[in-house]
Amino acid sequence: ATFDPRLINQVGSVISDEARAKHNEALKHGQHERYQGLTFWSPNINIFRDPRWGRGQETYGEDPFLTSRMGVAFVTGMQGDDPVYRKVDATAKHFAVHSGPESERHHFDVHPSERDLYETYLPAFHALVTEGHVAAVMGAYNRVDGESASASPRLLQDILRKDWGFNGYVVSDCDAIEDIFKHHKIVNTPEKAAA
């Protein structure tokens, strides 16, 4: 709600400073638990189009340009500016075309026009990959044109890796792999979904 990329960059920097301190303290005590590492599943750069989506407050709103600018600022604040070492790993999520309604996220299949895909849903991800050099991208629960967003050759290989040159890592959202067989019924076993 700030419309202030400089402030968001500072916020990201403070978060990662505190994360590093928390991580270092955990390591001193031999702790390696959840929430003690340096991988952060943030920012949520989905476009907020449906008010029924319960996670809309995590986003930067409905505008692809604003979302791109705020997202890049947050990622560069989180990851820092050292040419060799990142402070933490930021994760651009949820790739792609994920914005509710929340109750249907494990079931729905989105069929955006090519124009809407490239002018609305992908610009922020493109900016975070090419400008922000985000460490990770998280796949979404939903399908896009019949393919699981978390296992889509078009989204993950063609667009993300080949077209944009992303060389980071991809993670699925929690239970998104289970959705591939359980809800989307693309394959019929957990093993095939994982593969």
Side-chain angles (χ1 to χ4, degrees), residues 5 8-20 22-24 26-27 32 34-47 55 58-60 64-99 105 110 117-118 120-144 147-180 193-195:
I8 292 298
N9 181 267
Q10 293 171 344
V11 167
S13 183
V14 168
I15 291 169
S16 60
D17 286 349
E18 292 178 354
R20 272 279 169 187
K22 182 179 175 184
H23 175 71
N24 291 341
L27 289 181
H32 303 278
R34 190 176 194 186
Y35 308 123
Q36 293 175 335
L38 296 174
T39 301
F40 280 70
W41 286 2
S42 189
N44 182 341
I45 55 168
N46 293 128
I47 300 303
R55 298 182 67 178
E58 295 177 27
T59 74
Y60 298 114
F65 178 76
L66 175 65
T67 298
S68 298
R69 302 291 35 100
M70 299 295 270
V72 167
F74 185 79
V75 165
T76 56
M78 287 283 287
Q79 294 186 166
D81 57 9
D82 189 286
V84 178
Y85 301 103
R86 283 190 297 267
K87 290 168 64 180
V88 302
D89 283 1
T91 306
K93 64 181 191 179
H94 308 86
F95 191 64
V97 200
H98 178 73
S99 58
R105 68 184 180 171
V110 185
L117 180 67
Y118 278 92
T120 304
Y121 293 106
L122 296 184
F125 288 99
H126 181 259
L128 269 63
V129 167
T130 61
E131 296 174 48
H133 308 289
V134 70
V137 171
M138 178 185 287
Y141 289 120
N142 54 277
R143 282 174 287 154
V144 179
E147 295 180 337
S148 164
S150 287
S152 167
R154 181 178 186 216
L155 290 175
L156 302 179
Q157 294 170 14
D158 297 341
I159 295 172
L160 189 61
R161 300 254 185 230
K162 292 177 186 169
D163 295 349
W164 299 348
F166 180 67
N167 62 3
Y169 56 96
V170 175
V171 298
S172 66
D173 205 342
C174 303
D175 296 328
I177 302 304
E178 181 180 78
D179 286 346
I180 293 171

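Quick caveat, the model's predicted, so the values are computed rather than measured.
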Atom CG of Asn167 with >12 non-hydrogen neighbours under 6.0 angstrom = no

inquiry  = Using a 3.5 Å distance criterion without hydrogens, assess whether the side chain of Ser150 forms a donor-acceptor pair with backbone atoms of Ala140.
reply    = yes

note = Rounded to the nearest 0.5 Å, the OG atom of Ser148 sits from the OH atom of Tyr141 at a distance of 11.5 Å

request  = Identify the heavy atoms of Ala92 and Leu128 that sit nearest to each other, and give their distance.
outcome  = CB-CD2, 3.8 Å

ask   = Does any N or O in the side chain of His94 come within less than 3.5 Å of the main-chain N or O of Gly139, such that one atom is a donor and the other an acceptor?
value = no

key: OG1 on Thr39 to NE2 on His23, rounded to 0.5 Å   = 9.5 Å

ask   = Checking Lys22 side chain against Tyr35 main chain: does a donor-acceptor pair fall under 3.5 Å?
value = yes

ask   = Hey, does the side chain of Asn142 reach the backbone of Ala96 with a donor-acceptor pair shorter than 3.5 angstrom?
value = yes

Nearest-0.5 Å distance that lies between atom CZ in Arg143 and atom CD1 in Ile180 = 11.0 Å

message = Tell me whether Asp81 at atom CG has more than 12 heavy atoms from other residues, nucleotides or ligands lying less than 6.0 Å away.
response = no

Pairwise distance CE(Met138) to OH(Tyr169) - rounded to 0.5 angstrom = 10.0 Å

ask   = In Å, rounded to the nearest 0.5 Å, how long is the span from CD of Gln79 to OG of Ser13?
value = 12.0 Å

request  = Search all heavy atoms of Val144 against all heavy atoms of Ala149 and return the closest pair with its distance.
outcome  = CG2-CB, 4.3 Å

task = Without swapping roles, check the side chain of Thr91 against the backbone of Phe40 for a donor-acceptor pair under 3.5 Å.
result = yes

key: Working for side-chain contact (heavy atoms from CB on, under 4.5 Å), residues Ile8 and Tyr60   = CA-CA 11 Å; Ile8 292 298; Tyr60 298 114; 4.0 Å; yes

inquiry  = Can you list everything that forms a salt bridge (Lys or Arg N to Asp or Glu O under 4.0 Å) with Arg20? Sequence neighbours excluded, please.
reply    = none

request  = List the steps and the verdict of side-chain contact (heavy atoms from CB on, under 4.5 Å) for Val134 and Val129.
outcome  = CA-CA 5 Å; Val134 70; Val129 167; 4.2 Å; yes

task = Drop me the distance from Leu122's CG to Trp164's CH2, to the nearest 0.5 angstrom.
result = 4.5 Å

Can you list, pair by pair, the side-chain donor-acceptor contacts under 3.5 Å of residues 156-163, counting residues two or more places apart and other chains?
from, atom 1, to, atom 2, distance (Å)
Arg161, NH1, Phe166, O, 3.1
Arg161, NH1, Gly168, O, 2.8
Arg161, NH2, Gly168, O, 3.1

remark   = In terms of heavy-atom contacts, Trp41 and Lys93 come closest through O-NZ, 3.0 Å

task = Would you check, one step at a time, whether the test side-chain hydrogen bond (donor to acceptor under 3.5 Å, both in side chains) holds for Asn46 with His98?
result = CA-CA 6 Å; Asn46 293 128; His98 178 73; 5.0 Å; no

